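I have placed the structure first, in the form of structure tokens, so that the comments after it can refer back to it.
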Amino acid sequence: MVSATSTPMAIDEIAPLHNLDEWEDDVLKRYPDPSSIAKEKSTEAYRNYEEPARDTVREFYRLNHKYQTYEFVSGKRDGFLKFDKKEMPVWDAFQFLNQLVDDSDPDTDLDQFQHLLQTSEAIRRDGHPDWMVLVGLIHDMGKVLCLFGEPQWAVVGDTFPVGCAYSDRIVYPEYFEFNPDNNDNRYNSPNGVYEPGCGLRNVHMSWGHDEYVYQMMKDYIPEPGLYMLRYHSFYSWHREGAYEHLLDDHDREMLKWVTLFNPYDLYSKNPTPPNWNELKPYYEALLKKYLPATLKF
Ligand SMILES: [Fe+2]
Ligand SMILES: [Fe+2]
């Protein structure tokens, strides 16, 4: 196990959720599929969502909001963006990711790879460019951070800028009260350490799978795809319109791509797995077109 966390943490602080999917189930509850509402078939989709899960999600956000400080993020960037932990062929990376299984409830959720494949297949069915299909296939690859011993709240969860005031449009904003940056004059003004309108490229986002996969892929994928990777969990921006004061024109232009991607991530889950044997040749060619033979973690 490799961890850039300096302080040892209790197990309930590392893994407040029964599994990572609890966070995504909660996002789906917040932003339900408009088409499933219209067809009144939402009950089945949310069958896993009950009150006990909600408590674990609250605890998850309490920890996330308390610990995601500017300094914490800087430490994680230093620790992980050297990509010196592991190198493996792309297909092995998917198998590695699939070691993240849900022990508590093995038969309710599809594995990580199925979520990726369902996302990419939904994008492909709608005729989007092949690099966007690739983004669908790899967008959650950064969740391997969990396999390096990282706490769940530093892998998944809504992301947000650090180093400036936390927006009240982030989910459970009341928990930022426990974040030391909230009382630190360097970090608690609207712009904090940033210049107004500096553009999101100059902003440090809370640490998690989005930032990690973006940094891993930034030399290989077209710019709109990189926005999809880096900001797919930045709901307070792409769904709630917060942080306008930090954006530049390029961010405003790219927002439409992030918004285009989000429903494929949230609403493509289906209990029937795609037929992998039929799809494999297409994806082998796609990965070969854009990515090197091995990926560095
Ligand atoms: Fe994700
Ligand atoms: Fe996802």
Side-chain angles (χ1 to χ4, degrees), residues 17 19-33 36 45-46 48-49 57 60-61 64 68 76 80 93-94 96-102 108-126 128 131-148 150-160 170-171 200 205-218 221 224-239 257-271 273-274 283 295 297:
L17 303 172
N19 64 82
L20 291 184
D21 289 343
E22 262 182 14
W23 165 64
E24 264 145 6
D25 293 344
D26 187 69
V27 175
L28 199 53
K29 182 83 177 176
R30 229 186 306 150
Y31 302 113
D33 184 354
S36 73
Y46 307 134
N48 294 331
Y49 193 84
V57 169
F60 166 83
Y61 277 113
N64 173 277
Q68 290 271 2
K76 292 297 173 191
F80 281 104
F94 287 114
F96 182 56
L97 179 71
N98 257 359
Q99 290 174 29
L100 275 178
V101 284
D102 172 6
T108 49
D109 287 306
L110 295 165
D111 62 34
Q112 296 292 329
F113 185 64
Q114 293 304 327
H115 165 57
L116 293 174
L117 200 54
Q118 291 185 349
T119 306
S120 63
E121 278 297 285
I123 292 167
R124 183 153 78 119
R125 265 195 304 275
D126 285 351
H128 294 300
W131 55 260
M132 185 171 168
V133 178
L134 176 65
V135 164
L137 189 70
I138 59 171
H139 75 277
D140 281 341
M141 183 67 91
K143 289 182 184 176
V144 298
L145 285 167
C146 262
L147 298 164
F148 294 133
E150 290 302 293
Q152 290 169 337
W153 48 262
V155 178
V156 296
D158 293 40
T159 59
F160 42 82
I170 302 167
V171 65
L200 291 174
M205 297 296 294
S206 57
W207 180 252
H209 73 284
D210 311 58
E211 180 70 23
Y212 187 52
V213 75
Y214 156 71
Q215 295 278 353
M216 194 184 300
M217 297 295 165
K218 68 181 178 193
I221 289 178
L226 295 177
Y227 264 72
M228 294 171 186
L229 292 177
R230 191 174 190 221
Y231 304 111
H232 74 270
S233 309
F234 189 7
Y235 286 93
S236 58
W237 177 44
H238 67 70
R239 287 276 187 156
W257 292 102
V258 181
T259 306
L260 176 68
F261 175 75
N262 183 243
Y264 292 106
D265 185 12
L266 285 186
Y267 309 134
S268 62
K269 283 194 181 122
N270 187 304
Y283 283 99
L295 289 179
F297 291 84

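Each ligand, and each atom within it, is numbered from 1 in the order the structure gives. The structure presented is a predicted model; accordingly, all values stated were derived computationally and were not measured.
- Residues satisfying the side chain to side chain donor-acceptor pair (under 3.5 Å) test with Trp153, not counting sequence neighbours, are none.
- Between Lys76 and Glu211 there is no salt bridge, since no side-chain N of the basic residue sits under 4.0 Å from a carboxylate O of the acidic one.
- Closest to the Fe ion (ligand 1) among the N, O or S atoms of His209 is NE2.
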Go through it in stages, so that I can follow the logic: the residues are Lys269 and Asp21, the test is salt bridge (Lys or Arg N to Asp or Glu O under 4.0 Å), and I'd like the CA-CA distance, side-chain angles, deciding distance and then a yes or no. CA-CA 12 Å; Lys269 283 194 181 122; Asp21 289 343; 5.3 Å; no
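- Glu121 pairs with exactly one of Gln118, Arg125, Arg124 by the side chain to side chain donor-acceptor pair (under 3.5 Å) rule, that one being Arg124.
- Protein N, O or S atom count below 2.8 Å of the Fe ion (ligand 2): the structure gives 4.
- Among residues two or more places apart in sequence or in another chain, the salt bridge (Lys or Arg N to Asp or Glu O under 4.0 Å) test is passed with Asp265 by none.
- Under the rule for a ring pair (Phe, Tyr, Trp, His ring centres under 6.0 Å), the partners of Tyr264 that lie at least two apart in sequence or sit in another chain are His128.
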